[in-house]
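Report on the following structure.
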Amino acid sequence: MAIDRNMKILVVDDFSTMRRIVKSLLTELGFSEFDEADDGSTAWPLIQTGKYDFIVSDWNMPEMTGIELLQRVRASESLKHTPFLLITAEAKRSQILDAAQAGVDGYIVKPFSAATLNNKIEKIFERIGERKNASL
Amino acid sequence: MTLATHIDKQLVQALLDAIENNQPEQASSLVDELTQLRESELYQQLTQLSQNLHHTLDSLEEDAPVLMHAKHDIPDVTERLQYVITETQKASEATLSSTEKALNQLELLRQQLVDNSSTEPDSILLIDQACSELTNIMMAQSFQDLTGQVLNRVIYIMTDLEESLRALIERSKFDFHAIPERVGTAEQVKQEHERGVGPNITAKGKQDSVGSQEDIDDLLGSLGI
């Protein structure tokens with residue numbers, strides 16, 4: 001399935017530098033519709049509007065962590081299928097397992113490369129496409 | 001403690017007797033007694049340790065290094081670390097702005113060359129290579145997020161330490177606010193300035209510093225230089 005390059009993406013990170021980098025990389029990959037949030041707590045009300053097709057989030061943020069944000073998204077009946085990618089410096093085995101258990105679609109450890117981001121996004125949407133085909 | 005050891009021996013003997021004479025209830029109560037003795041001994045030691053600590057604190061001079069560290073140096077260090085976060089962020093943002101601009105300009109140039117039928121294919125390749133280098137520069141800026149997270153963590157620990165020290169000091173005879181400012185002798189200040197103090201970034205460091213090149217030029221100008 002071809003990835004919809006017009007999909008609306010929410011980028012969540014407490015460091016503005018990282019938000020810019022992620023947005024620039026996504027732009028290079030052909031995406032153009034972004035919003036950003038500086039914490040899980042500010043992201044959550046935005047996500048609840050239901051307008052995002054993809055969430056890219058950091059883990060370690062002061063008010064609400066990325067993993068908590070993911071858990072909230074997965075607990076919501078209307079939002080639970082939103083693809084969720086974590087980009088984080090957290091790299092403990094138990095953390096990665098926790099993220100998997102919480103239902104993360106992709107996990108990228110910082111520092112990362114443009115190629116890794118591209119690769120993970122392609123994999124995520126490939127898998128979603130397969131899941132959709134299987135349920136048809 | 002000698003007393004406790006002495007009683008221990010008697011108790012242990014009584015315990016052994018109780019076991020030999022098959023008196024389980026007696027034995028159990030003797031075990032309880034032994035444990036309590038141990039606990040009260042530990043408690044006495046802790047009390048003594050705490051008294052020693054208070055005694056040491058109370059005997060400190062008002063400008064003792066530990067008090068000065070707690071009041072002045074820890075806040076100074078956290079302020080400096082905050083400065084590092086702010087400055088690296090500014091530098092990263094500036095680098096990102098320039099790379100983004102350059103990437104857009106190269107994209108426009110690429111379009112113009114693609115539209116021109118006489119363009120050498122090598123020219124397009126060169127532009128693509130330059131774009132890829134700019135992306136590398138952009139990615140390298142992600143260090144700011146990583147080092148920032150580390151520094152934030154250190155600031156958090158330092159602040160915690162500062163609060164603990166403050167609580168400890170306030171439980172002694174000292175009033176935290178009464179700990180004096182750090183004032184070096186004229187000679188100490190001169191020596192420190194000769195060694196160099198780096199950028200004046202803290203509120204205290206900014207006192208008596210000039211703000212800009214213009215201020216420096218004015219100051220030198222007023223001296224006829």
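Protein chains get the first letters and strands the later ones, always in sequence-line order, with residue 1 at the start of each. None of these values were measured; they are calculated from a predicted model. Heavy atoms only: backbone and side chains are in, while hydrogens, waters and symmetry mates are out.
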Notebook entry, point to check: To the nearest 0.5 Å, how far apart are SG in Cys131(B) and CD in Glu28(A)?
Noted result: 7.5 Å
Notebook entry, point to check: Got more than 12 heavy atoms from elsewhere within 6.0 Å of CZ, Arg127(A)?
Noted result: yes
Item checked: Crowding at CZ, Phe143(B) (>12 non-hydrogen neighbours, <6.0 Å) -> yes
Item checked: Greater than 12 external heavy atoms within 6.0 Å of Lys8(A)'s NZ -> yes
Next item on the list: Could you tell me whether Arg93(A) atom CZ has more than 12 heavy atoms of other residues or ligands within 6.0 Å of it?
Entry: no
Next item on the list: Answer yes or no: are there more than 12 heavy-atom neighbours, outside Gln101(A) itself, under 6.0 Å from its atom CD?
Entry: no
Notebook entry, point to check: Which region of Ser132(B), side chain (C-beta onward) or backbone (N, CA, C, O), has a non-hydrogen atom less than 4.5 Å from a non-hydrogen atom of chain A, or is it both or neither?
Noted result: neither
Notebook entry, point to check: Between Glu93(B), Met138(B), Gln149(B), which shows the greatest number of heavy-atom pairs under 4.5 Å with chain A?
Noted result: Glu93(B)
Notebook entry, point to check: Out of curiosity, Met139(B) CE to Phe112(A) CZ, how far, rounded to the nearest 0.5 Å?
Noted result: 4.0 Å
Check: Between Leu96(B) and chain A, which part of the residue has a heavy atom less than 4.5 Å away: side chain, backbone, both or neither?
Finding: both
Item checked: Option that, when pairs with chain A are counted at under 4.5 Å, heavy atom only, ranks first among Ile85(B), Leu146(B), Thr99(B) -> Leu146(B)
Check: Going by atom types alone, do Arg20(A) and Ser97(B) pair a side-chain donor with an acceptor below 3.5 Å?
Finding: yes
Next item on the list: Please say whether more than 12 non-hydrogen atoms of neighbouring residues, nucleotides or ligands are located less than 6.0 Å from CD in Glu120(B).
Entry: no
Next item on the list: Considering only heavy atoms and a distance below 4.5 Å, find which of Leu25(A), Val22(A), Thr27(A) pairs most often with chain B.
Entry: Leu25(A)
Note to self: Heavy-atom count check: over 12 atoms from other residues, nucleotides or ligands less than 6.0 Å from Gln111(B) CD?
What the structure shows: yes
Next item on the list: Could you check Asp13(A), Ile21(A), Ile87(A), Thr88(A) and say which one makes a side-chain contact (heavy atoms from CB on, under 4.5 Å) with Asp145(B)?
Entry: Asp13(A)
Item checked: Contact origin within Ser113(A) toward chain B - heavy atom pairs under 4.5 Å -> backbone
Next item on the list: Let me know if Asn136(B) has heavy atoms under 4.5 Å from chain A in its side chain, its backbone, both or neither.
Entry: neither
Note to self: side-chain contact (heavy atoms from CB on, under 4.5 Å), that's the test. Do Ser142(B) and Lys110(A) meet it? Break it down for me.
What the structure shows: CA-CA 8 Å; Ser142(B) 62; Lys110(A) 296 174 185 172; over 6 Å; no
Next item on the list: Tell me, yes or no, whether the heavy-atom count around Arg5(A) atom CZ, taken from other residues, nucleotides or ligands under 6.0 Å, exceeds 12.
Entry: yes
